Colleague: 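After the structure tokens below, expect a handful of questions from me.
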Amino acid sequence: MAMTTIVPAKRYSNSTYRTIRRMKAVGLYAGVAAVLVYMLFPYYWAIVSSTKSGQALYQFSLVPSLDFSNYWQLFHNPVFMGALVNSGLVAFASTMISLVIGLLAAYALGRLQFSPGRIILIAVLMISIFPQVVVLSGMFEVIGWLGLYNRPSALIVSYLILTLPFTTWILTSFIRDLPTELEEAALIDGCSRLRVLTHVLLPLMGPAIASTGLLSFILAWNEFLFALTFILTDENRTVPVAIGLLTGSSRYEYPFGQIMAASVTVTLPLLVLVLIFQRKIVAGLTSGAVKG
């Protein structure tokens, strides 16, 4: 009978173990630093470029200048300032409507037991992954039939295709994780389904509402294709389209500095909102995705 030789595990000294741990820590921090530089450097470069004009744009420098003429021209551009207002109103309205409808749909899909519920939820997920260009022609016909062409309300209706499936899916996963005992106790006390949703479950859904609402707002704020297709006049345009249509002092001049200034202007509020609500975003997404 063959004998099996057991090779003892190689042991290191305490100093060697400490050196290995330090090397792992250094590698981890170096990887995190590389990822942060990769993610944040484009935005920093946009800030640097937005403070340059003329020949300074073609000179490499990592230090921002003190020339804010691009911002001055941008803030005195009535088309861009009107586009900021339009984007805020459209994104806010579409987000609120998607939250209300998505909350009602999520409660029905997450709590009420009916046979087509799973099929509906899968259909909602499939709609959310459709490319915009696939539904563009159909939405063009719908917007024309509703008489909303070249109106901000056309964007509110069309943006629901983007925000509503996402909102419904996340809120459904979150509602399924809430304890059913709270709902059963409220029903026994005589509460209706709507009252249970608004007075019992809704106060517990702060993280989910914050995460889905903010991400839906960002999705509507950055949308370009529908805004370019359904809006014709400058007074109704949104920010992404207004930035794409910025022109220089002549037809041969590309206003790179103003475009960078506009990019910084429209991105900074989103970054501030994300930093403020980052904990609620993570809590809402992980509660709906990990437990569900």
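All residue numbers refer to positions in the sequence shown, counting from 1. In what follows, every heavy atom counts, from backbone to side chain, and hydrogens, waters and symmetry copies are set aside. Note that this is a predicted model, so its numbers are computed, not measured.
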Colleague: Between Leu232 and Val85, is there shared hydrophobic-cluster membership here, with clusters defined by ILVMFWY side-chain heavy atoms closer than 4.5 Å?
Modeller: no
Colleague: Same cluster or not: Leu104 versus Leu202, using hydrophobic residues (I, L, V, M, F, W, Y) connected whenever any side-chain heavy atoms lie under 4.5 Å apart?
Modeller: yes
Colleague: Donor-acceptor pairs are to be reported for all side-chain atoms of residues 19-31 against protein atoms at under 3.5 Å, with residues two or more places apart or in another chain.
Modeller:
unit_1: Thr19; atom_1: OG1; unit_2: Ser15; atom_2: O; d: 2.8

Colleague: If only atom types and distance count, is the side chain of Ser211 paired as donor or acceptor with the main-chain N or O of Ala208 below 3.5 Å?
Modeller: yes
Colleague: Which distance, rounded to the nearest 0.5 Å, do you find between the CG of Leu160 and the CD1 of Ile156?
Modeller: 8.5 Å
Colleague: Could you give the distance from CZ (Phe166) to CH2 (Trp169), rounded to the nearest 0.5 Å?
Modeller: 12.0 Å
Colleague: Considering only residues two or more places apart or on different chains, which pairs with a residue in residues 268-277 satisfy side chain to side chain donor-acceptor pair (under 3.5 Å)?
Modeller: none
Colleague: Find out whether Leu103 and Thr168 are in side-chain contact, i.e. whether some heavy atom of one side chain is under 4.5 Å from a heavy atom of the other.
Modeller: no
Colleague: Restricting to non-hydrogen atoms, name the atom on Val196 and the atom on Leu187 that form the minimum distance, rounded to 0.1 Å.
Modeller: CG2-CD2, 3.9 Å
Colleague: What is the distance from atom CD1 of Ile259 to atom CG of Leu245, rounded to the nearest 0.5 Å?
Modeller: 10.0 Å
Colleague: Tell me, please, which residues at least two apart from Thr167 pass side chain to side chain donor-acceptor pair (under 3.5 Å).
Modeller: Ser216
Colleague: Going by the ring-ring contact (aromatic ring centres under 6.0 Å, His included) test, which pairs reach into residues 135-164, not counting sequence neighbours?
Modeller: Phe140-Tyr149
Colleague: Which pairs with one or both residues in residues 91-100 pass side chain to side chain donor-acceptor pair (under 3.5 Å), sequence neighbours excluded?
Modeller: none
Colleague: For the CG atom of Leu201 and the OG1 atom of Thr180, what is their distance to the nearest 0.5 Å?
Modeller: 10.5 Å
Colleague: Is it the case that one hydrophobic cluster holds both Val264 and Leu40, taking links as side-chain heavy atoms less than 4.5 Å apart, direct or via other members?
Modeller: no
Colleague: Over all heavy atoms of both residues, which pair between Asn70 and Ala261 is shortest? Give the atoms and the distance, please.
Modeller: CB-CB, 4.0 Å
Colleague: Only counting residues at least two apart or in another chain, list the ones meeting side chain to side chain donor-acceptor pair (under 3.5 Å) with Ser153.
Modeller: none
Colleague: For Arg193, check salt bridge (Lys or Arg N to Asp or Glu O under 4.0 Å) against everything at least two apart and list the hits.
Modeller: Glu183
Colleague: In the structure I gave you, are the side-chain heavy atoms of Leu178 and Met205 within less than 4.5 Å of one another anywhere?
Modeller: yes
Colleague: If I take atom CG from residue Asn150 and atom OG1 from residue Thr233, how far apart are they, to the nearest 0.5 angstrom?
Modeller: 4.0 Å
Colleague: Can you label the angle between the Phe230 ring and the Phe226 ring as parallel, tilted or perpendicular, going by 30° and 60°?
Modeller: parallel
Colleague: Mind jotting down which residue pairs meet the ring-ring contact (aromatic ring centres under 6.0 Å, His included) criterion with at least one end in residues 178-219? Sequence neighbours excluded, please.
Modeller: Phe217-Trp221
Colleague: For residues Ser50 and Tyr71, is any side-chain donor paired with an opposing acceptor at under 3.5 Å?
Modeller: yes
Colleague: Taking side chain to side chain donor-acceptor pair (under 3.5 Å) as the test, write out the residues that go with Asn222, two or more places apart.
Modeller: none
Colleague: Do Ser87 side-chain atoms and Val239 backbone N/O form a donor-acceptor pair below 3.5 Å?
Modeller: yes
Colleague: I need the minimum non-hydrogen distance between Thr51 and Phe68, along with the two atoms involved.
Modeller: CG2-CE2, 4.2 Å
Colleague: Sub-3.5 Å donor-acceptor pair from the side chain of Asn86 to the main-chain atoms of Thr238, do we have one?
Modeller: no
Colleague: Treat each ILVMFWY residue as a node, draw an edge where side-chain heavy atoms are under 4.5 Å apart, and state whether Val272 and Ile47 are in one component.
Modeller: yes
Colleague: Scan residues 213-240 for pairs that pass salt bridge (Lys or Arg N to Asp or Glu O under 4.0 Å), counting only residues two or more places apart or in two chains.
Modeller: Asp234-Arg237
Colleague: Within the structure provided, determine whether Val142 and Leu148 are in side-chain contact (heavy-atom separation under 4.5 Å).
Modeller: no
Colleague: Below 4.5 Å, heavy atoms only, C-beta onward: do Met139 and Ile143 meet side chain to side chain?
Modeller: yes
Colleague: Any chance CZ of Phe92 has more than 12 other-residue heavy atoms, nucleotides or ligands included, within less than 6.0 Å?
Modeller: no
Colleague: Heavy atoms, side chains only, cut-off 4.5 Å: are Thr212 and Leu171 in contact?
Modeller: yes
Colleague: What are the two closest non-hydrogen atoms of Leu246 and Leu74, and how far apart are they?
Modeller: CD1-CD1, 4.3 Å
Colleague: Restricting to non-hydrogen atoms, name the atom on Val241 and the atom on Ala227 that form the minimum distance, rounded to 0.1 Å.
Modeller: CG2-CB, 3.6 Å
Colleague: For Phe80, which residues count as a ring pair (Phe, Tyr, Trp, His ring centres under 6.0 Å) partner, sequence neighbours excluded?
Modeller: none
Colleague: Should the heavy atoms of other residues, nucleotides or ligands under 6.0 Å from CH2 of Trp45 be counted, would the total exceed 12?
Modeller: yes
Colleague: Between Asn236 (side chain) and Pro152 (backbone), is there a donor-acceptor pair under 3.5 Å?
Modeller: no
Colleague: Taking all non-hydrogen atoms of both residues, which atom of Arg195 and which atom of Cys191 are closest, and how far apart?
Modeller: CD-SG, 3.9 Å
Colleague: Who are the side chain to side chain donor-acceptor pair (under 3.5 Å) partners of Asn77, not counting sequence neighbours?
Modeller: none
Colleague: Answer with yes or no whether the hydrophobic clustering places Val32 together with Tyr44; edges join I, L, V, M, F, W, Y residues whose side-chain heavy atoms lie under 4.5 Å apart.
Modeller: no
Colleague: Say you draw a straight line from OG1 of Thr265 to CD of Gln258; how long is it, rounded to the nearest 0.5 Å?
Modeller: 10.5 Å
Colleague: List the steps, then state whether side chain to side chain contact (heavy atoms under 4.5 Å, CB included) holds for Gln132 with Leu162.
Modeller: CA-CA 8 Å; Gln132 289 180 259; Leu162 307 176; 3.9 Å; yes
Colleague: Could you check whether any side-chain heavy atom of Tyr43 comes within less than 4.5 Å of a side-chain heavy atom of Leu268, counting everything from C-beta outward?
Modeller: yes
